Amino acid sequence: MIKYRLEFILGGIILTELDSLWEAIQNSFRQRKSQVTFETLIAPAKPISLSHNNLQIEVPTKVHRDYWEKNLSSELIQAAEDAGFSGIEPHFILEGEFDPYTQGQSGDQTNFEMDTPLNPHYNFNTFVVGEGNKMAHAAAFAVAESPGQLYNPLFIYGGVGLGKTHLMESIGNHMLELNPSSKVKYVTSEEFTNDFIHSIQNNSTEKFREEYRTLDLLLIDDIQFLANKEGTQMEFFNTFNALHDNKKQIVMTSDRIPNEIPELQDRLVSRFRWGLTVEITPPDLETRIAILRSKVEEDHINIGNDTLNYIAGQIDTNIRELEGALTKVQAYSNLSHEPITPHLASQALKGLQRSKKTVVTVSAIQKSVADYYDITQADIVGKKRVKQIVVPRQIAMYLSRELTDYSLPKIGKEFGGKDHTTVLHAIDKIEEEMKSNNDLNEQINTLKAKLRS
Ligand SMILES: Nc1ncnc2c1ncn2[C@@H]1O[C@H](COP(=O)(O)OP(=O)(O)OP(=O)(O)O)[C@@H](O)[C@H]1O
């Protein structure tokens, strides 16, 4: 089961996002439910995988599944959100129902054979096209129709929760629809890294290469996390070349353009720019309303246009947050037994400030801080220990915590793979210094204002 987890190997210690999420969910239920409920109905559930907000949970019986679906789902989503994982979608699977072989996955210990299955919901039909994503959508569709022929690689970049993964997986699903025997693989760059590390540990690099270099379509998500990973970059370079030489399609996503990815080898940067680089920008109001409308129609939820307009007006950047807001309103209505109206939505979304945090990306913060202190973004995410760089780096970490929803480990990763304790230490240092240093307060306020404008 552990094979399906997202693993982050840091100096021999394996931390999983899934573990920390599950622990937070369990703690929340432990506090709020009676001991007997917890032990009988909650504790037997086991997390299986977390992939792009899709949380798969295994339960032993149908009774458990019904109970989780009817009584615990909303609380689970809220507990996850409180722990910094917004927009989690739980799926419950009966024990024994999940068969890795039927998922096209082998049962041996070699991690690279464990593909993350494509999410069937992520297809072109469910993707709402608007001003901010129409170019990316057109390019993705063209690539899905003629893989390897037009834009290779296709590089999609943009802020958090704007639909990069949805679009990328749509290419995979469309291609499989047109040609079911195509060999399609979706991985995050972290999964690629872990697969590679496992293949070295298991003396199976040949198998790894065979797996990756014979694909028709490689979808690789969040490529920015290849930053600082020399060995994996080299392997990816060779994988890229093998696929490209054979006219096999490569699609990548990132939160920034290739040359802004810190410590990415120049030869990779130049290859990433061989094809087409397209941006997804935050949706305008009309698109946000259209996304909400399509979601309620799909889920057969009865919500009036005035409420949808209200919700879309409240969340103006991140589509994952937008979907989370809709779920929150529904949950609020279910719990209070009141119909969904704009007034109820305003009550349900009272604590919205958290959502608005994600307006700014960590990369934008790093860039602003670097510009402000006249150093480079690479300095900010690098390892240099001189004071002129260390303090701005700590300020950037502090602002990342203040202005985004990122957890400490996630912030650490954005800063060249630093440990979460380093991030915590930086934040503590800045907070302490701010108590007595007016200049620093002023600088931080200026940066905040700039980033929020
Ligand atoms: N244009 C769209 N139409 C319909 N749904 C969308 C659209 N864009 C995004 N979504 C939905 O918003 C949610 C977040 O999208 P997705 O995970 O693809 O974002 P992302 O850009 O990959 O985020 P991250 O940067 O965190 O990886 C998903 O549930 C997705 O289906």
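For clarity, every value in this text was computed on a predicted model and none was experimentally measured.
Between I57 and L76, the closest side-chain pair of non-hydrogen atoms falls below 4.5 Å. For the pair N228/P262, no side-chain contact is recorded, criterion being any heavy-atom separation below 4.5 Å from C-beta on. Inter-residue side-chain proximity for L276 and V143 is flagged as unmet; no heavy-atom pair is nearer than 4.5 Å. Counting only heavy atoms from C-beta outward, the side chains of S346 and Y310 approach each other to under 4.5 Å. No side-chain heavy atom of F155 sits under 4.5 Å from any side-chain heavy atom of I250. Side-chain atoms of Q78 and S28, non-hydrogen and from C-beta on, never get closer than 4.5 Å to each other. Proximity of Y373 to Q443: side-chain heavy atoms (C-beta onward) are separated by under 4.5 Å at one or more points. Put simply, the side chain of V59 does not reach to within 4.5 Å of the side chain of P44, judged on heavy atoms.
Distance alone, capped at 3.5 Å, is enough to place a donor-acceptor pair between the T126 side chain and the H121 backbone. Of the possible donor and acceptor atoms, one in the side chain of N441 sits under 3.5 Å from a partner among the backbone N and O of M434. Side chain of N133 to main chain of V128: a donor-acceptor pair is present (N/O by atom type, distance under 3.5 Å, no hydrogens or angles). In this structure, Q249 contributes its side chain and Y151 its backbone to a donor-acceptor pair below 3.5 Å. Without hydrogens or angle criteria, N27 side chain to A24 main chain gives no donor-acceptor distance under 3.5 Å. Although no hydrogens or angles enter the test, the distance criterion places no donor-acceptor pair under 3.5 Å between the side chain of S333 and the main chain of V329. Checked by atom type and distance alone, the side chain of K413 never pairs as donor or acceptor with a backbone atom of D419 at under 3.5 Å. Judged by distance alone, the side chain of E169 and the main-chain N or O of N119 form a donor-acceptor pair under 3.5 Å. Between the side chain of R320 and the backbone N or O of V160 there is no donor-acceptor pair closer than 3.5 Å. The backbone N or O of A345 lies less than 3.5 Å from no partner atom in the side chain of K328, so there is not a single donor-acceptor pair.
Residues F196 and F236 keep their aromatic ring centres 6.0 Å or farther apart. Between F124 and H137, the ring centre distance stays below 6.0 Å.
Of all non-hydrogen atoms in S254 and R256, the two that sit nearest each other are OG-O, 2.8 Å. Contact detail for T307 and I340: the closest heavy-atom pair is CG2-CG2, 3.7 Å. Counting all heavy atoms, side chain and backbone alike, I380 lies closest to A396 at CG2-CB, 4.1 Å. Closest heavy-atom contact between A45 and W22: O-CZ2, 3.5 Å. Nearest approach of H174 to F141, heavy atoms of both residues: CE1-CE1, 3.7 Å. Between D379 and R393, the closest heavy-atom pair is O-NH2, 3.0 Å.
Side-chain contact annotation: T287 with D284, donor-acceptor N/O pair under 3.5 Å present. For Y212 and D195, the side-chain atoms include at least one donor-acceptor pair closer than 3.5 Å.
Once rounded to the nearest 0.5 Å, the distance linking CE of M397 with CD of E402 reads 15.0 Å. Going from atom CG of L150 over to atom CD of E145 covers 10.0 Å, rounded to the nearest 0.5 Å. Separation of atoms CD1 (I156) and NZ (K164) is listed at 9.5 Å; rounding is to 0.5 Å. The line from CE of M168 to CG of D221 is 5.0 Å long, rounded to the nearest 0.5 Å. Between I395 atom CD1 and E433 atom CD the span is 9.0 Å, to the nearest 0.5 Å. Here the straight-line distance linking atom CG of L217 with atom CG of L118 works out to 8.5 Å at 0.5 Å rounding.
Classification of E191 and K185 as a salt-bridged pair fails, no side-chain N sitting under 4.0 Å from a carboxylate O. Ion pairing between a basic and an acidic side chain is recognised when a charged N comes within 4.0 Å of a carboxylate O; E431 and R401 show no such pairing.
Enclosure of atom CG in N302 is not indicated, since only 12 or fewer non-hydrogen atoms of other residues, nucleotides or ligands lie within 6.0 angstrom. More than 12 heavy-atom neighbours from other residues, nucleotides or ligands sit within 6.0 angstrom of NE2 on H91.
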### Query
Would D255 and E414 count as a side chain to side chain contact (heavy atoms under 4.5 Å, CB included) if you check the C-alpha gap in whole Å, the side-chain angles of each, and the deciding distance to 0.1 Å?
CA-CA 10 Å; D255 65 350; E414 294 275 329; 3.5 Å; yes
### Query
Can you check side chain to side chain contact (heavy atoms under 4.5 Å, CB included) on L264 and I223, steps first, answer last?
CA-CA 10 Å; L264 185 68; I223 197 83; 5.9 Å; no
### Task
For side-chain hydrogen bond (donor to acceptor under 3.5 Å, both in side chains), just list the numbers for T188 and D222, CA-CA rounded to whole Å, side-chain angles, deciding distance to a tenth of an Å, and then say yes or no.
CA-CA 6 Å; T188 63; D222 292 329; over 6 Å; no
### Stepwise side chain to side chain contact (heavy atoms under 4.5 Å, CB included) check, T421 with H425
CA-CA 6 Å; T421 50; H425 172 72; over 6 Å; no
### Task
Could you walk me through whether F38 and Q26 pass the side chain to side chain contact (heavy atoms under 4.5 Å, CB included) test, one step at a time?
CA-CA 9 Å; F38 185 85; Q26 293 259 301; 3.8 Å; yes
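Evaluation of the side chain to side chain contact (heavy atoms under 4.5 Å, CB included) rule for S407 yields P409, K410 as partners, not counting sequence neighbours.
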